[in-house]
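Below: one structure, written as structure tokens.
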Amino acid sequence: MQKIAVIGAGTMGNGIAHVFAQHGYAVNLIDISAAALEKALQTIGKNLDRQVSKGTITEAVKTDTLKNISTHTDLPSGVKTADLVVEAATENINLKLKIFQELDLHAPADAILATNTSSISITKIAAATKRPSKVIGMHFMNPVPVMKLVEIINGYATDKQVTATIADLSRKLEKVPCVVNDYPGFIANRILMPMINEAIISLFEGVAGVEEIDTVMKLGMAHPMGPLQLADFIGLDVCLSILQVLHEGFGNPKYAPCPLLVNMVTAGYLGVKSGEGFYKYTPGSKDLIVSNRFARNHV
């Protein structure tokens, strides 16, 4: 397995392309937007520069990594010789089903088709193809070049050899594979999102403020980032979407999104990506400032 195609040039897609290319794989990065592809290459270049400055890679590795990446705006030409396709498009079920129908038509018959979805059913995605045994979840964590985990999700029909191949490939990327089965939210988000939602409910009910909630979890539970800050980092729209998948998939009210989260997303307060969520984000500043909407007097 040497030729990798990555669908989507956003945060996850460019990170996945970066990691594969850094480890010597030929990567076709595919997106319908040429501007998004150009931005992705710039981001990968900056992240490689950061690795060089920290001494984790050499300048030669950076050069080789960038040489290993080709960009495409046409999906059929981008996947026609791929051994593995990793889809990292927007977390939208209809979009993913359409992409996998196209991949099934244009990728080689023996190619493995993986999705980076964080919550959508692998079994449902696989059913859109004529090769469900070769469809699998390969859920990388953000930021991809830094985070070690790859959550590998078996669909109902995923072949065991496909699972073993993807687990071995993850190790070659210096990642740690964890294999799970296909139920709403898998493991990562089935546990993480209710915690984030409960933190938002605690804020909504006035139990504690933004900074207090995050500080309790950082200092009391040894979390590197509090749940509200993490929600901002993930994107409140993404959190809401995953909670809706959990709520619909299990039919259990414990997964119902907090009304405050729904309102914030509706109003466009999405966290880091929009400049404000539970915290206020200013370009170039690393200060963590609670949004004025949630500011409160300290004891």
Can any side-chain N or O of [X] pair as donor or acceptor with the backbone N or O of [Y] at less than 3.5 Å?
X    : Y    : result
E276 : S291 : no
S121 : K124 : yes
K148 : M141 : no
D104 : F100 : no
K175 : V144 : yes
T56  : Q51  : yes

Spatial distance of atom [atom1] ([X]) from atom [atom2] ([Y]) [nearest 0.5 Å]:
X    : Y    : atom1 : atom2 : answer
K134 : D110 : NZ    : CG    : 6.0 Å
E87  : L75  : CD    : CG    : 10.5 Å
I57  : D49  : CD1   : CG    : 8.5 Å

Inset, instruction - Indicate whether the side chain of N189 and that of S119 have a donor and an acceptor atom separated by less than 3.5 Å. - result: no
Legend entry - Residue pair Q22 / H18, side-chain donor-acceptor N/O under 3.5 Å: yes
So among [options], which one has a side-chain contact (heavy atoms from CB on, under 4.5 Å) with [X]?
X    : options           : result
V79  : L113, N28, V6, I7 : I7
E151 : N116, V180, V179  : V180
M193 : I191, I196, N197  : I196
I136 : L84, T158, T165   : T158

Inset, instruction - Report yes if some heavy atom in the side chain of H139 is under 4.5 Å from a heavy atom in the side chain of I153; otherwise report no. - result: yes
Inset, instruction - Anything under 30° is parallel, anything over 60° is perpendicular, the rest tilted; go ahead and classify F140 against F20. - result: perpendicular
Legend entry - Qualifying residues under ring-ring contact (aromatic ring centres under 6.0 Å, His included), relative to Y156, sequence neighbours excluded: none
Inset, instruction - Please assess K62 against E59 for the test side-chain contact (heavy atoms from CB on, under 4.5 Å), listing each intermediate value before the final yes or no. - result: CA-CA 5 Å; K62 172 195 168 184; E59 193 70 39; 3.4 Å; yes
Legend entry - Residue K273 excluded, over 12 heavy atoms near NZ under 6.0 Å: yes
Inset, instruction - Can you spot which of Y281, Y269, Y279 makes a side-chain hydrogen bond (donor to acceptor under 3.5 Å, both in side chains) with D232? - result: Y281
Inset, instruction - Hey, could you give me each pair passing salt bridge (charged side-chain N to carboxylate O under 4.0 Å, His left out) that has a residue in residues 71-83? Not counting sequence neighbours. - result: none
